[in-house]
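Throughout, a chain's letter reflects where its sequence line sits, starting with A, and its residues are numbered from 1.
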Protein chains: 2
Amino acid sequence: MKDTTLKEIATKLGISITTVSKALKNYPDVSAKTKQAVIDLAQNLHYTPNSFAVNLRTKESKTIGLIIPTLVHDFFSNVIQGILEEAEKRDYLVIILQSNEKFEFEKKQIDLLLNKRVDGILMSLSNETDEFEHLKTILSHNTPLVLFDKIAKLVNCSKVTINDRKAAYDAVSYLIKKGYKKIAHFRGSYLPQNSIDRFLGYKKALEDNNIAYDSSLVFVCENNPDFEDGYANAKKVVNEHPEIDAIFAVTDLVAVGIIKYCNEVGIAIPTQIAVFGFSNWFMSSVISPKLSTIDQPGFEIGRKSASILFDEINLKKNNSPVIFQSIELGTSIIEREST
Amino acid sequence: MKDTTLKEIATKLGISITTVSKALKNYPDVSAKTKQAVIDLAQNLHYTPNSFAVNLRTKESKTIGLIIPTLVHDFFSNVIQGILEEAEKRDYLVIILQSNEKFEFEKKQIDLLLNKRVDGILMSLSNETDEFEHLKTILSHNTPLVLFDKIAKLVNCSKVTINDRKAAYDAVSYLIKKGYKKIAHFRGSYLPQNSIDRFLGYKKALEDNNIAYDSSLVFVCENNPDFEDGYANAKKVVNEHPEIDAIFAVTDLVAVGIIKYCNEVGIAIPTQIAVFGFSNWFMSSVISPKLSTIDQPGFEIGRKSASILFDEINLKKNNSPVIFQSIELGTSIIEREST
DNA sequence: TTGTAGGCGTTATCAG
DNA sequence: CTGATAACGCCTACAA
């Protein structure tokens with residue numbers, strides 16, 4: 001089935017392409033008669049505008065790009081859902097790319113999206129990313145960019161995050177109030193802003209409660225942070241630091257690793273050791289013991305990021321000035337069985 | 001920063017657009033000198049071809065579409081990863097859409113992708129889908145289509161699945177061999193092929209082992225199937241059918257729901273009741289007790305589906321005949337603590 | 001070796 | 001109210 005074009009409709013009706021185009025776009029200066037004829041024929045022939053041609057003319061693709069570190073990830077999956085929902089409302093399509101936490105991939109993928117001439121880009125940075133020239137490339141192309149979750153504070157664009165520092169502070173304060181005294185932290189790798197902020201929140205909470213910060217109680221999750229990190233570090237803690245009575249993990253996945261290790265070797269949670277996560281993955285509510293954690297609104301983060309991006313795309317189209325926003329969405333403590 | 005075009009390079013160099021184009025595409029009939037000059041300038045000006053124009057000329061978008069029922073889903077996330085990996089190899093981008101298990105959305109999304117003129121479409125059908133005209137629309141547009149996981153047997157296109165019936169048969173046979181006698185099945189909704197096949201595998205295994213099939217031991221998961229289905233049906237089973245000693249669930253998520261209920265009310269797994277899942281979600285290896293299940297190779301399913309799709313896209317481009325494939329990938333039993 | 005011309009399908013301007 | 005014309009940026013016969 002060949003695709004119908006304006007030209008075909010025009011010749012079949014013995015009128016000009018221009019008129020057909022106008023009729024279909026409901027221009028006022030076409031007679032009701034011709035308009036109707038055009039519309040009818042277009043419907044019969046299943047006419048749909050050739051998006052390639054439209055893109056070329058209008059210089060927009062009605063498509064945005066999304067780069068995330070990992071797909072198999074409860075939090076990011078929820079973010080994507082939020083983005084897709086918002087995109088659908090505005091008749092936009094979303095191209096999704098995965099950086100795999102690699103800076104090099106991230107860079108390449110930005111180029112791909114820019115070459116594709118997407119109308120805007122949404123990104124959460126990889127854990128390796130410590131310089132931001134590639135982000136500036138996006139801006140220099142005048143392509144709207146919104147960062148979320150793992151952001152670069154110094155890059156001049158809109159951002160959607162939670163207040164990681166405060167959330168971590170709340171979590172650790174909660175543990176302290178519960179009576180835990182030796183609280184370890186399994187932190188994320190050194191670069192991502194959210195990992196830094198969660199660490200700082202942890203530290204601040206200790207200090208504000210007159211507990212000396214002890215760097216030997218902080219363990220770095222080298223990998224992603226991943227389940228394995230939690231498992232391996234839990235082992236270390238149990239053997240080398242029996243005095244520890246609680247662990248604040250940078251992520252639920254890490255926390256689940258801790259729980260698994262403790263379950264395997266028969267360490268009682270929370271009586272011997274308490275575990276606190278971060279993100280509120282679905283999994284956390286079904287493991288035993290159920291994990292106390294911070295609820296991080298992934299879906300909302302996705303929606304808000306997309307919504308800001310679309311606003312910026314529209315402003316740009318009207319040559320209106322764009323004011324970058326930094327949005328912080330709220331979090332809350334979910335108390336369950338592990339603390 | 002305005003985008004560089006062939007024209008700009010041409011005028012700056014005082015040569016024709018044609019020559020520039022040829023030089024950049026490494027045509028043999030351009031002098032080494034001019035070629036070099038063009039390439040150098042192109043690099044300086046950061047020339048990249050305008051994909052809108054290329055699309056229009058070549059009539060291909062170097063983009064494929066993917067429609068899946070749900071994103072927040074371990075299995076589908078893995079499928080997507082496989083697809084993205086394969087797409088990246090071939091310099092293709094992927095537009096992802098979520099049908100939310102709704103037939104109407106699925107239909108609309110097909111139209112979106114077709115209008116976008118993607119070069120091919122990958123799909124797993126929604127649970128509601130029971131007629132396939134919309135899929136035929138794809139084929140009538142001459143757009144390659146590959147179905148995976150939840151497929152329509154009657155539609156004439158390539159398919160990638162596992163052998164759901166055999167996998168279910170294996171699972172239930174395993175339970176029987178383990179000595180379980182009253183085995184219930186929490187099945188998926190009535191339409192999806194994989195839900196039907198898993199049910200049939202369950203039934204066949206019973207029959208082949210001289211256990212009378214009892215329809216009152218089969219419970220339908222109305223929702224997705226979802227965690228809640230498992231939880232609610234487990235409650236029913238425990239109260240109304242205390243004779244049941246094992247449950248074969250259509251999905252890990254359902255199985256996890258069962259486990260959660262049993263844990264809450266103090267029913268011992270597997271001694272009082274055994275639980276067997278399907279899919280091998282990550283979660284299943286970290287809950288307590290760890291879930292026995294069927295390993296379903298999501299990543300491979302994604303890779304294979306994409307790979308077939310790209311092959312068909314290429315064949316079509318060369319006007320070569322396409323032979324549709326139906327691939328079945330292998331599964332295996334993962335024995336853990338719940339059985 | 002280089003360049004001219006036409007076209008991909010649509011939209012916008014401007015004249016009739 | 002209608003249509004001719006040009007342009008978006010690139011590609012490719014075909015000429016020169």
Any donor-acceptor N or O pair under 3.5 Å, side chains K62(A), N55(A): no
Roughly, in whole Å, what's the span from CD in Q36(B) to P in dT1(C)? 15 Å
If we ignore hydrogens and angles and just use 3.5 Å, is the side chain of S158(A) paired with the main-chain N or O of Q325(A) as donor and acceptor? yes
Has E106(B) got a side-chain atom pairing as donor or acceptor with T129(B)'s backbone, closer than 3.5 angstrom? no
Main-chain N/O of I151(B) paired with Q193(B) side-chain donor or acceptor, under 3.5 Å: no
Expected output: side-chain K316(A) to main-chain N142(A) donor-acceptor under 3.5 Å: yes
Between P of dT2(D) and CG of L13(A), the distance in whole Å: 11 Å
Between the protein and nucleotides 10-14 of chain D, which nitrogen or oxygen pairs are less than 3.5 angstrom apart?
residue : atom : partner : partner atom : Å
dC10(D) : OP1  : Y47(B)  : OH           : 2.7
dC10(D) : OP1  : N50(B)  : N            : 3.3
dC10(D) : OP2  : L6(B)   : N            : 2.7
dC11(D) : O2   : R57(B)  : NH1          : 2.2
dT12(D) : OP2  : Y27(B)  : OH           : 3.0

What I want to check is whether the side chains of N78(B) and D74(B) have a donor and an acceptor closer together than 3.5 Å. yes
Kindly indicate whether the side chain of F76(B), heavy atoms from C-beta on, has any atom under 4.5 Å from the side chain of S124(B). yes
Without decimals, in angstroms, what is the distance between I15(B) CD1 and dT2(C) P? 8 Å
K59(A) or V30(A): which one's nearest nucleotide on DNA chain D is closer to the 5' end? V30(A)
Angle by which the axis turns from one end of the helix from dT1(C)-dA16(D) to dG16(C)-dC1(D) to the other, five pairs per end, to 10 degrees: 50°
Are there more than 12 heavy atoms of other residues, nucleotides or ligands under 6.0 Å from atom CD of Q43(A)? no
Rounded to the Å, how far apart are K33(B) NZ and dT2(C) C1'? 14 Å
Rounding to a whole Å, what distance do you find between N55(A):CG and dT11(C):C1'? 13 Å
T19(B) side chain near dG3(C) phosphate (N/O to OP1/OP2, under 4.0 Å): yes
Which comes earlier along DNA chain C counting from the 5' end, the contact point of S31(B) or that of S51(A), where each point is its nearest nucleotide? S31(B)
So with a 6.0 Å cut-off around NZ of K116(A), is the heavy-atom count from everything else above 12? yes
